[in-house]
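Data block below; observations after.
Both backbone and side-chain heavy atoms feed into the values below; hydrogens, waters and symmetry mates do not. Counting convention: from 1, in listed order, for ligands and their atoms alike.
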Amino acid sequence: MAGLALPPTAIPDESKMKKIVILISGRGSNMEAILNARLPVEIAAVISNEPDAKGLAIAQARKIPPSVVPHRAFTNREDFDGVLAMEINRYQTDFVVLAGFMRVLTEAFVERYSGRMINIHPSLLPSFPGLHTHRRALEAGVRVHGCTVHFVTPGVDSGPIIAQATVPVLAGDDEDTLAARVLEQEHRIYPQAVRWLCEGRVQLVDGAVVYSNVAAARGTVISPALDD
Ligand code: GAR
């Protein structure tokens, strides 16, 4: 496991810049979008369950400590989640940001970070939780598709919704074209949601999302466009 020699840092303090740990499993483009947004937050570490995740190299190049907790080394989810929590807690993080982290987490782990862990998912939840969201959206014939940022609660891709972005499904779309259109929006809404979270502008209160100083959306999304 990389980075174990780092000393533990101070207990989080409300007046200090918030600290996040980003969990990935692969490409890391959402992680990179968060890094590129240059948010006023400290990105304490990037942790992957996949040793070969491309995002680890991106983190390293950006001087963010990369770390691996390889799930295949564990025989059950409880043990993996226990070690993952230990690794996260070494950084005294305020928030845990799942960015393409493709492991189902145990209820105990999720409860431990209740209100402090968010996820991005490539569909308009609660439609299409799980895998192959773009293929399933095409098969279902939906006219709008999109992505969702949500607080994480037990269950796959479930929890109170913080932000969503929609995209049209266009004639001739295939999984790749639709995925690319959605990903562009993921890269817009996820850094913004992380900012809101770290600035205390979005909170989970009694199981519901509470906003402060977050503007309401303007307009309506209609697809196909109506004739004028
Ligand atoms: C993203 O599309 C993200 O929404 C999705 O994995 C991809 C990771 O890409 N997450 C999920 O499906 C979670 N259920 P990235 O590694 O380039 O950010």
Discussion item. Centre-to-centre under 6.0 Å for His134 and His145, is that the case here?
Written reply: yes
Worksheet entry | Heavy-atom pair with the smallest gap, counting every atom of Pro168 and Arg181 | O-NH1, 2.9 Å
Worksheet item: With only distance considered, is Arg27 within less than 3.5 Å of ligand 1 through an N or O on each side?
Response: yes
Fill in: Nitrogen or oxygen atoms of Gly28 and ligand 1 under 3.5 Å apart
yes
Practice prompt. Check whether any heavy atom of Met102 sits under 4.0 Å from an atom of ligand 1.
Written response: yes
Practice prompt. In plain terms, say whether Arg136 and Glu139 are close enough for a salt bridge, that is, a side-chain N and a carboxylate O under 4.0 Å apart.
Written response: no
Item to complete: State whether Asp81 and Arg112 are salt-bridged, where the test is any N-O pair (Lys NZ or Arg NE/NH1/NH2 against Asp/Glu carboxylate O) under 4.0 Å.
Response: no
Discussion item. Just to be sure I'm reading this right: ignoring hydrogens, which of Pro122, Ala33, Gly100 gets closest to atom 6 (O) of ligand 1? Compare them by their nearest heavy atoms.
Written reply: Gly100
Worksheet item: Between the candidates Ser123, Ser29, Pro129, which shows the shortest non-hydrogen contact distance to atom 15 (P) of ligand 1?
Response: Ser29
Worksheet item: Does one side chain, of His187 or Ser29, offer a donor that lies under 3.5 Å from an acceptor on the other?
Response: yes
Discussion item. Would a single hydrophobic cluster contain both Ile24 and Val41, if residues Ile, Leu, Val, Met, Phe, Trp and Tyr are joined by side-chain heavy-atom contacts under 4.5 Å?
Written reply: yes
What protein heavy atom is closest to [atom], reported as residue, atom name and distance in Å?
atom                    : value
atom 14 (N) of ligand 1 : Asp157 OD1, 2.8 Å
atom 3 (C) of ligand 1  : Glu186 OE1, 3.3 Å
atom 10 (N) of ligand 1 : Ile120 O, 3.5 Å

Discussion item. Tell me whether Glu107 at atom CD has more than 12 heavy atoms from other residues, nucleotides or ligands lying less than 6.0 Å away.
Written reply: no
Worksheet entry | Under-4.0 Å heavy-atom contact with ligand 1, by part of Asn30 that carries it | both
